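Structure, as structure tokens:
Letters A, B, ... mirror the listed sequences (proteins, then strands); counts begin at 1. All values reported here derive from a predicted model rather than from experimental measurement.
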Number of protein chains: 2
Amino acid sequence: MVRHPLPEEIELTDVLHALSDPIRLRIVRNLAASDEGRCCNGLSVGVSKSTLSHHLKVLREAGVTRTRMSGTQRLVSLREDDLEERLPGLLASVLGAARAAA
Amino acid sequence: MVRHPLPEEIELTDVLHALSDPIRLRIVRNLAASDEGRCCNGLSVGVSKSTLSHHLKVLREAGVTRTRMSGTQRLVSLREDDLEERLPGLLASVLGAARAAA
DNA sequence: CCGGTTGTTCGACCAAGAGCGAACCACCAG
DNA sequence: CTGGTGGTTCGCTCTTGGTCGAACAACCGG
């Protein structure tokens, strides 16, 4: 349905850029706290749905998240495995720092 | 002489944003390969000196680098210790991924 | 004093991107 | 068929930010 980069297409600068936005970082933290992925609606980040869709697209195209269909709605989840392979340790340290800062 | 954030003022999103630019990432990789810091001129990244000055300012104000005088010229170096304290593991994983991608 | 080196700052330009509402699509329940 | 839900896409505005040249400042060497 939508574009996801292959694991080897994940670019460091794209990922860093995706994570450098406070709203997207909140989304990622939110996703990290959920095993099964979240419906877009379950991400209460206080922006309009078009803006949320935009941020999810940025995250998806950077390779940070995966979106899959589940019935009538999309489930968004972190690509922890692919990120760890391409950028080992990065997601963990970002999440750790984000948790500490909060 | 110039503004450097205190260690506790270093913000994750600022650091991620600073590192998400390819030119700044090259500068950081370059600095990581040098013990003593580099004169701005020693950073051959192929931009004009005003642009270089701008990027160094972004890195400095995000807390990624430190600039100190040495005689008549400035020496730029990574704030590895402060970054490790505030954002443990982040710089290492970014540098590791950047090295792997190159 | 007069260049040359090193770097910052300023002003302008232009591209990228965040934000929103509106329109739209796909789907399910009546 | 009609409505509601979940989500994307499309314009549009406005801000951010990368880029450069020019001007400036501080300093050292003749």
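- Atom CG in A:Leu78 sits 12.5 Å away from atom CZ in A:Arg29 (nearest 0.5 Å).
- Distance check, rounded to the nearest 0.5 Å: CG of A:Leu91 to CG of B:Leu90 gives 11.0 Å.
- Taken from CG in B:Asp21 to NE2 in B:His55, the straight-line distance is 5.0 Å, to the nearest 0.5 Å.
- One can place CG of B:Leu56 at 15 Å from C1' of D:dT19, the figure rounded to the nearest angstrom.
- Residues A:His17 and A:Thr51 both approach DNA chain C. Their nearest nucleotides, taken by heavy-atom distance, put A:His17 toward the 5′ side.
- Of the candidates D:dC20, D:dG18, C:dA18, C:dA18 carries the atom nearest the A:Val58 side chain, counting heavy atoms from C-beta on.
- Residue A:Ser50 has no polar side-chain atom (N or O) positioned under 4.0 Å from OP1 or OP2 of C:dC20.
- At whole-Å resolution of the value, CE in B:Met69 and C1' in C:dT5 are 13 Å apart.
- Side-chain proximity of A:Arg74 to C:dG17, D:dG7, D:dG18: nearest is D:dG7.
- Rounded to whole Å, atom C1' of D:dT8 lies 11 Å from atom CG of A:Leu52.
- Each of A:Lys57 and B:Asp21 lies near DNA chain D, and the nucleotide nearest A:Lys57 is the one positioned closer to the 5' end.
- Whole-Å rounding puts the A:Gln73 CD to C:dC25 C1' distance at 17 Å.
- Put simply, OG1 on A:Thr67 and CG on A:Leu59 are 9.0 Å apart, with the number rounded to the nearest 0.5 Å.
- Nearest nucleotide to the B:Ser48 side chain, out of D:dC20, C:dC20, D:dG7: D:dC20.
- Comparing C:dT9, D:dT8, C:dC20 by their closest approach to the side chain of A:Arg60 singles out D:dT8.
- Nearest heavy atom pair, residue B:Arg86 against residue B:Pro7, reads CG-O, 3.0 Å.
- Phosphate proximity of D:dT8 to A:Ser53: present, with a side-chain N or O under 4.0 Å from OP1 or OP2.
- Following rounding to the nearest Å, A:Arg3 (CZ) and D:dG7 (P) show an atom-to-atom distance of 22 Å.
- Taking atom CD of residue A:Glu61 and atom P of nucleotide C:dA18, one finds them 12 Å apart after rounding to whole Å.
- If A:Gly71 and A:Lys49 are placed on DNA chain C by their nearest nucleotide, the residue sitting closer to the 5' end is A:Lys49.
- Checking C:dG19, C:dA18, D:dG17 against the side-chain heavy atoms of B:His54 singles out D:dG17 as nearest.
- Atom-to-atom, CZ of A:Arg68 to P of D:dG7 comes out at 13 Å; the value is rounded to the nearest Å.
- The B:His55 side chain lies nearest to D:dT19 when the options are C:dG21, D:dT19, D:dG7.
- The side chain of A:Thr72 approaches C:dC27 more closely than any other nucleotide in the set C:dC20, C:dC27, D:dT8.
- Look at CG on B:Leu75: it is 19 Å from P on C:dT5, rounded to the nearest Å.
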